[in-house]
There are 2 protein chains.
Amino acid sequence: MKELPLTEPVFLILLSLAGQPRHGYSILKDVDDMSRGRVKLSTGTLYGALRRLLAGRWIERFKEDDRPRGRQAYRLTALGRRNMQLEVSRLKRLALVANLRVARKES
Amino acid sequence: MKELPLTEPVFLILLSLAGQPRHGYSILKDVDDMSRGRVKLSTGTLYGALRRLLAGRWIERFKEDDRPRGRQAYRLTALGRRNMQLEVSRLKRLALVANLRVARKES
DNA sequence: TTCAATATGTCGTTGCGCGACATGTCGCAT
DNA sequence: ATGCGACATGTCGCGCAACGACATATTGAA
């Protein structure tokens with residue numbers, strides 16, 4: 001797994017999983033919602049990112065009993081959650097700095 | 001120029017220029033500072049991004065009189081500033097959503 | 001006087017994002 | 001019944017951005 005900072009799509013995928021375990025298609029819709037329809041993940045992006053996140057142990061497959069065929073959920077690992085917390089702190093700080101810089105001078 | 005959202009390096013470059021016009025090397029150091037040393041732009045990234053930003057009219061060359069040879073500054077255009085304001089709003093909102101989601105459940 | 005910091009830029013590789021494509025299920029309306 | 005849209009998972013190849021390596025020149029300080 002590459003080092004921080006995360007790219008936008010990956011960040012949103014992880015953020016989606018931060019609330020609850022989800023399967024792929026559910027992530028797709030959740031990201032759409034969260035970003036108010038601004039970010040539409042393609043399946044290529046999604047499954048590519050999930051593969052890398054699994055490999056880096058940020059997420060893991062989450063087995064449920066009565067899950068219909070071909071359907072599988074993912075959830076954050078402890079590592080993934082920790083990293084996301086760091087990433088969110090970083091983001092909040094960046095938002096503050098950005099706000100200061102851009103707010104100044106003519107709006 | 002590609003559509004929003006911006007990538008991290010490009011965002012930081014623009015943010016650096018939001019405060020004041022700067023030349024390339026100055027952007028490099030400012031981004032380093034702003035991100036507390038987390039993001040070290042390579043010159044390849046920087047000048048590639050500057051070229052694209054110039055092409056898309058987000059920034060423009062900023063001429064100063066007594067500038068030593070080979071040294072040139074860049075500054076945000078009105079378009080660039082407007083786009084950055086949008087981008088910052090978007091970022092702030094994302095930071096809020098992210099905070100809610102990640103804060104919940106064990107820290 | 002040489003070394004680090006300042007300063008600008010190119011080139012090739014790598015890896016990511018993304019659209020297109022492929023495949024299949026399920027529930028509902030016609 | 002059948003056909004359609006939403007649900008669901010995945011692969012493949014292209015284009016492009018990020019990045020490290022390299023190249024070069026100037027300036028100020030030890």
Side-chain angles (χ1 to χ4, degrees), chain A residues 1-17 20-33 35 37-56 58-64 66-75 87, chain B residues 1-17 20-33 35 37-56 58-64 66-75 87:
Chain A
M1 189 74 201
K2 247 288 250 358
E3 257 333 284
L4 309 164
L6 269 27
T7 60
E8 180 89 8
V10 171
F11 180 80
L12 289 170
I13 289 167
L14 288 168
L15 189 53
S16 176
L17 292 174
Q20 61 192 272
R22 289 176 188 276
H23 53 243
Y25 191 78
S26 166
I27 295 173
L28 245 31
K29 282 184 295 150
D30 188 40
V31 166
D32 190 330
D33 289 351
S35 68
R38 297 257 332 280
V39 179
K40 309 244 182 224
L41 254 37
S42 76
T43 58
T45 302
L46 176 70
Y47 290 104
L50 287 177
R51 202 183 315 121
R52 294 189 306 270
L53 288 168
L54 281 170
W58 288 55
I59 63 174
E60 60 192 357
R61 285 180 201 279
F62 178 52
K63 309 200 185 293
E64 273 179 40
D66 57 350
R67 197 164 277 285
R69 281 173 36 71
R71 222 171 146 193
Q72 52 197 312
Y74 303 89
R75 72 172 155 194
E87 195 65 9
Chain B
M1 190 71 201
K2 247 292 252 353
E3 259 332 285
L4 309 165
L6 269 28
T7 59
E8 180 91 6
V10 172
F11 180 81
L12 289 170
I13 289 168
L14 288 168
L15 190 54
S16 177
L17 291 175
Q20 61 191 274
R22 290 175 189 275
H23 53 246
Y25 191 79
S26 166
I27 295 173
L28 246 31
K29 281 183 296 148
D30 189 39
V31 166
D32 190 331
D33 289 350
S35 68
R38 298 262 326 282
V39 180
K40 310 244 182 224
L41 255 34
S42 75
T43 59
T45 302
L46 176 70
Y47 290 104
L50 287 177
R51 203 184 314 121
R52 294 190 305 269
L53 288 168
L54 281 170
W58 288 56
I59 63 175
E60 60 193 357
R61 283 179 202 279
F62 179 53
K63 309 204 185 292
E64 271 180 43
D66 57 351
R67 196 164 279 285
R69 282 172 37 69
R71 221 170 147 193
Q72 51 196 314
Y74 303 89
R75 71 172 156 195
E87 195 65 9

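Chain naming here is simple, since letters A, B, ... match the order of the sequence lines and numbering starts at 1 in each.
When the nucleotides D/dT11, C/dG9, D/dA18 are ranked by their closest atom to the side chain of A/Tyr47, D/dT11 comes out on top. Comparing atom distances between the B/Thr43 side chain and each of D/dT11, C/dG9, C/dC18 picks out C/dG9 as nearest. For A/Gln72, whose side chain is taken as the heavy atoms from C-beta onward, the closest listed nucleotide among C/dG19, D/dT9, C/dG9 is D/dT9. Comparing atom distances between the A/Val10 side chain and each of C/dG17, C/dT6, C/dC18 picks out C/dG17 as nearest. Closest to the side chain of B/His23, out of C/dG19, D/dT11, C/dA7, is C/dA7. With C/dG19, D/dA18, D/dA8 as the candidates, the nucleotide lying closest to the side chain of A/Tyr25 is D/dA8. Side-chain proximity of A/Arg52 to D/dC19, C/dG17, D/dT11: nearest is C/dG17.
Note on B/Gly24: only backbone sugar-phosphate atoms sit closer than 4.0 angstrom, heavy atoms only; bases stay farther off. In this structure, B/Gly48 reaches neither bases nor backbone, as no heavy-atom distance under 4.0 Å exists between it and the strands shown. Residue-level contact check: A/Thr7 touches the backbone only, with heavy atoms under 4.0 Å from sugar-phosphate atoms and none from bases. Nucleic acid contact for B/Tyr74: sugar-phosphate only, since backbone atoms but no base atoms lie under 4.0 Å from a heavy atom of the residue.
At D/dA18, none of the side-chain N or O atoms of B/Ser42 fall inside 4.0 Å of OP1 or OP2 (strictly under the cut-off). For D/dT11, the OP1/OP2 oxygens have a side-chain nitrogen or oxygen of A/Arg51 closer than 4.0 Å.
For A/Thr7, the side chain to side chain contact (heavy atoms under 4.5 Å, CB included) partners are A/Pro9, A/Val10, not counting sequence neighbours.
Using a 4.5 Å heavy-atom threshold, the side chains of B/Val31 and B/Leu15 count as separate. Residues B/Phe62 and B/Leu17 have side chains not in contact (no heavy-atom distance under 4.5 Å, counting atoms from C-beta outward).
A distance-only check finds a donor-acceptor pair linking the side chain of A/Glu87 to the backbone of A/Leu6 [under 3.5 Å].
Note on the helix from C/dT1-D/dA30 to C/dT30-D/dA1: angle between the axes of the first and last five pairs equals 10°, rounded to 10 degrees.
Partner of A/Leu28 under the side-chain contact (heavy atoms from CB on, under 4.5 Å) criterion, chosen from A/Leu41, A/Thr45, A/Asp33: A/Leu41.
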